[in-house]
Amino acid sequence: MSDYNIISTLNEQHKVYLVQSALSGKVYVQKILDVYNIRVYECLYHNPVAGIPRLINYYERGNQLIVIEEYISGTSLQEKIDNSELNISDVRNYMIMLCNILESLHSMTPPIIHRDIKPSNIIITSYNYVILLDFNAAKQFSGQNESDTVLIGTPGYAAPEQYGFGSSSPQTDIYSLGIVLKEMLNSISSNPASDPVLYYLNQIAQRCTQMTPSARY
């Protein structure tokens with residue numbers, strides 16, 4: 001894709017680069033993916049979703065997918081958790097925004113399942129908005145009861161069905177979202193017994209992370 005010149009490397013291991021368009025001068029992110037579902041990217045390209053980087057261009061080269069997407073500036077949720085920068089209001093607002101993003105993805109025909117929701121894939125912008133990144137593990141939900149045969153996702157955040165105990169579904173993302181909620185809550189020093197909002201958020205996290213998909217939201 002010669003219209004884009006590499007400015008810097010964002011992540012050499014995962015082949016993520018900052019590039020500049022030779023035509024417009026605008027700065028984007030280029031990703032070279034070895035694992036991907038082309039139908040997911042086709043759908044997101046033609047149906048942009050608020051809360052995820054806009055796809056500018058994509059094409060296949062051999063067994064790889066080259067993706068050019070909107071550059072999002074901000075801080076990862078992982079960094080905010082590690083630095084204990086969150087409060088109850090942040091946690092509640094971030095969860096609402098993540099749920100809105102997932103509602104848009106899961107409402108598509110067929111639904112798109114992210115399958116790799118974790119704090120390092122979530123960016124908080126300077127305006128305190130949530131952006132969900134990295135759709136290389138995503139798939140379209142078929143509705144058929146086919147078990148996942150290969151773990152696509154991140155251990156610790158992946159739902160039990162991603163280990164071959166069932167098929168990925170929208171509830172798979174709900175499980176990962178529950179793990180993220182737990183991590184956000186654990187970074188806050190408040191006592192759930194004395195804070196009713198914190199108590200109810202912990203209850204929500206417990207339901208999100210039930211082993212059986214039908215027991216989740």
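Computation of the quantities below employed the complete heavy-atom set of this structure, encompassing side-chain atoms and omitting hydrogens, waters and symmetry-equivalent molecules.
In plain terms, the two heavy atoms of Cys208 and Gly178 that are nearest each other are CB-CA, 3.5 Å. Of all the heavy atoms in Pro111 and His106, the pair that sits closest is CB-O, 3.3 Å. Annotation for Thr154 and Lys118: closest pair OG1-NZ, 2.8 Å, computed over non-hydrogen atoms. Pairing each heavy atom of Leu65 with each of Tyr58, the nearest pair is CD1-CD1, 4.1 Å.
Residues Phe135 and Val130 fall within the same hydrophobic cluster, defined by Ile, Leu, Val, Met, Phe, Trp and Tyr side chains chained together at heavy-atom separations under 4.5 Å. In the hydrophobic clustering of ILVMFWY residues, with side-chain heavy atoms under 4.5 Å counting as a link, Met108 and Tyr36 come out together. The same ILVMFWY cluster, assembled from side-chain heavy atoms under 4.5 Å apart, contains both Ile188 and Leu181.
Remark: Ser169 pairs with Gln171 by the side chain to side chain donor-acceptor pair (under 3.5 Å) rule, at least two apart or across chains. The side chain to side chain contact (heavy atoms under 4.5 Å, CB included) test applied to Asn63 returns no partner, not counting sequence neighbours. In this structure, the salt bridge (charged side-chain N to carboxylate O under 4.0 Å, His left out) partners of Glu69, at least two apart in sequence or on a different chain, are Lys31. Residues forming a side chain to side chain contact (heavy atoms under 4.5 Å, CB included) with Glu12 (at least two apart in sequence, or on another chain): Thr9, Tyr17. Listed by chain and residue number, nothing satisfies the side chain to side chain donor-acceptor pair (under 3.5 Å) test with Asn136 (two or more places apart in sequence, or in another chain). In this structure, the side chain to side chain contact (heavy atoms under 4.5 Å, CB included) partners of Ser24, at least two apart in sequence or on a different chain, are Ser21, Lys26, Tyr28. Under the side chain to side chain contact (heavy atoms under 4.5 Å, CB included) criterion, Val35 pairs with Ile152, not counting sequence neighbours. A search for side chain to side chain donor-acceptor pair (under 3.5 Å) contacts involving Asp34 returns Lys15, Gln64, not counting sequence neighbours. Contacts of Gln20 classified as side chain to side chain donor-acceptor pair (under 3.5 Å), with partners at least two apart in sequence or in another chain: none.
Annotation for Glu103: atom CD does not count as buried by contact number, only 12 or fewer foreign heavy atoms lying within 6.0 Å.
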Which side-chain N or O atoms in residues 72-82 pair as donor and acceptor under 3.5 Å with protein atoms at least two apart or in another chain?
unit_1, atom_1, unit_2, atom_2, d
Ser76, OG, Glu79, N, 3.1
Gln78, NE2, Asp82, OD1, 3.0

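The distance from atom CZ of Arg92 to atom CD1 of Ile88, rounded to the nearest 0.5 Å, is 9.0 Å. For the atom pair CG (Leu177) and CD1 (Ile122), the distance works out to 7.5 Å, reported to the nearest 0.5 Å. Interatomic distance, CG of Leu86 versus CG of Leu185, reported as 9.5 Å (0.5 Å rounding). The distance from the CZ atom of Arg115 to the CG atom of Asn37 is 8.0 Å, given to the nearest 0.5 Å. Considering CG of Asp134 and OG of Ser120, their distance stands at 7.5 Å, rounded to 0.5 Å. How far CD of Glu60 is from CD1 of Ile66: 10.0 Å, rounded to the nearest 0.5 Å.
When each of Leu44, Leu33, Val16, Val29 is tested with Val67 by the rule side-chain contact (heavy atoms from CB on, under 4.5 Å), just one qualifies, namely Leu33.
Residue pairs that meet the side-chain hydrogen bond (donor to acceptor under 3.5 Å, both in side chains) test with at least one member in residues 39-53, sequence neighbours left out, do not exist here. Sorted by first and then second residue, the side-chain hydrogen bond (donor to acceptor under 3.5 Å, both in side chains) pairs involving residues 204-217 (not counting sequence neighbours) are Glu161-Arg216, Lys182-Thr209.
Here the side chain of His114 pairs a donor or acceptor atom with the backbone of Leu133 at under 3.5 angstrom. No side-chain donor-acceptor contact under 3.5 Å links Ser168 to the backbone of Thr172.
With hydrogens and angles left out, the side-chain atoms of Gln30 and Tyr71 include no donor and acceptor closer than 3.5 Å.
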Are Tyr129 and Ile123 close enough, and set up right, to give a side chain to side chain contact (heavy atoms under 4.5 Å, CB included), and what steps lead you there? CA-CA 8 Å; Tyr129 291 146; Ile123 293 292; over 6 Å; no
